[in-house]
Amino acid sequence: MARAFCHRCHRPASNCLCRLATPIPNAIGVIVLQHPQERSHARGSAIIAELCLQDYQCWVADDFNQHEPLQQLLAEQAEQCALVFPAAHAQAVDIDHSDRSSTAFSSLPRYLLFIDASWRKAKKIWHTTPALQRLNCIALQTRQTSNYRIRKSPGPGMLSSIEAISACLSWFDRDTDYRPMLRIFEQMIERQIEHMGQSVYQNNYRQVAGDAET
């Protein structure tokens, strides 16, 4: 018999995240540009933002040059958008500090865009989408360690999609509490570890956490 499956959060019913989610009225819209391989990935974290944020869109493609909603948005509102990606011209945002006076963001962006993909595929999306390269970009800087201990990070200070979304929204929007998304993220990780078993986690993933802690 096939296992019951939740088509909203793309997980088995036994690991469904939907009941953990609470609506968050984000003042800044979030648009996730998602590679197709991430859509149903059991360890994907962007789905948490989709379940919680009231102003959220997820656009799935491997070639965003052909994505009409994105092209239309950038044609009409590019100046109100900021892409969170460490491009060479990106404005550094230190999410460990609350001071916005040293940044170029004198006003809040209307939309924050995030690329949700493996680091290799995210760079490919960036390099092959000229419209994204013309946007204002944000490079998140932090001394925080990612809690994503069941997937390898490309380097220190690199956050998962949901951690980056929560951190960036929290930095721009001080009036809203985005921490509930991180609590769901923690529960998601704990469920994954429980599902795989401690021995599998220790043998295959513990080094990920150990590297992050050093």
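Residues take their numbers from the sequence shown, with the count starting at 1.
When the side chain to side chain contact (heavy atoms under 4.5 Å, CB included) test is applied to Gln37, the partners found at least two apart in sequence or on another chain are His35, Lys121. Residues satisfying the salt bridge (charged side-chain N to carboxylate O under 4.0 Å, His left out) test with Glu163, not counting sequence neighbours, are none. Contacts of Tyr56 classified as ring pair (Phe, Tyr, Trp, His ring centres under 6.0 Å), with partners at least two apart in sequence or in another chain: none. Partners of Arg110 under the side chain to side chain donor-acceptor pair (under 3.5 Å) rule, at least two apart in sequence or in another chain, are Asp55. In this structure, Thr129 has no side chain to side chain donor-acceptor pair (under 3.5 Å) partners at least two apart in sequence or on a different chain. Residues passing the side chain to side chain donor-acceptor pair (under 3.5 Å) test with Tyr178, sequence neighbours excluded: Asp173. Under the side chain to side chain contact (heavy atoms under 4.5 Å, CB included) criterion, Gln187 pairs with Leu20, sequence neighbours left out. Partners of Phe64 by ring pair (Phe, Tyr, Trp, His ring centres under 6.0 Å), not counting sequence neighbours, listed by chain and number: His67. For Gln54, the side chain to side chain contact (heavy atoms under 4.5 Å, CB included) partners at least two apart in sequence or on another chain are Pro23, Pro25, Asn26. Checked against side chain to side chain donor-acceptor pair (under 3.5 Å), Thr128 has no partners two or more places apart in sequence or in another chain. In this view, Leu135 and Leu74, Ala78, Cys81, Leu83, Leu113, Leu132 satisfy the side chain to side chain contact (heavy atoms under 4.5 Å, CB included) rule, not counting sequence neighbours.
Atom CZ of Arg179 sits in a sparse spot, with 12 or fewer heavy atoms from other residues, nucleotides or ligands closer than 6.0 Å.
Phe185 and Ile95 fall within a single hydrophobic cluster, where Ile, Leu, Val, Met, Phe, Trp and Tyr side chains are chained together by heavy-atom contacts under 4.5 Å. Under the 4.5 Å side-chain heavy-atom criterion for Ile, Leu, Val, Met, Phe, Trp and Tyr, Leu51 and Val60 are members of distinct hydrophobic clusters. Linking Ile, Leu, Val, Met, Phe, Trp and Tyr residues whenever their side-chain heavy atoms come within less than 4.5 Å leaves Ile184 and Leu182 in two separate clusters. In the hydrophobic clustering of ILVMFWY residues, with side-chain heavy atoms under 4.5 Å counting as a link, Leu159 and Ile138 come out together.
Applying the salt bridge (charged side-chain N to carboxylate O under 4.0 Å, His left out) test to pairs two or more places apart or on separate chains, none has a residue in residues 127-138.
With hydrogens and angles ignored, the 3.5 Å screen pairs a side-chain donor or acceptor of Gln133 with a backbone N or O of His127. Side-chain atoms of Arg191 come within 3.5 Å of backbone N or O of Cys16 as a donor-acceptor pair.
Counting only heavy atoms from C-beta outward, the side chains of Cys168 and Leu140 approach each other to under 4.5 Å. Cys6 is listed as a side-chain neighbour of Cys18, based on a closest heavy-atom distance under 4.5 Å. Residues Leu53 and Met181 are in side-chain contact: their nearest non-hydrogen atoms beyond the backbone lie under 4.5 Å apart. The shortest distance between side-chain heavy atoms of His89 and Cys137 falls below 4.5 Å.
Between Thr142 atom OG1 and Trp171 atom CH2 the span is 13.0 Å, to the nearest 0.5 Å. Taking CG of Asp177 as the reference point, atom CD1 of Ile24 lies at 7.0 Å (rounded to 0.5 Å). With values rounded to the nearest 0.5 angstrom, Gln80 atom CD is found 12.0 Å from Ile28 atom CD1. From Leu169, atom CG reaches atom OG1 of Thr176 across 8.5 Å, with rounding to the nearest 0.5 Å. Taken from SG in Cys58 to CD in Glu50, the straight-line distance is 5.5 Å, to the nearest 0.5 Å. How far OG of Ser45 is from CG of Asp116: 6.0 Å, rounded to the nearest 0.5 Å.
Taking every heavy atom of both residues into account, Gly44 and Glu38 meet most closely at CA-OE1, 4.4 Å. Taking all atoms of both residues into account, the shortest heavy-atom contact from Gln34 to Ala46 is NE2-CB, 4.2 Å.
Taking the ring centroids of Trp59 and Phe114, they lie at or beyond the 6.0 Å cut-off.
Side-chain contact, Gln91 with Asn136: no donor N or O sits under 3.5 Å from an acceptor N or O.
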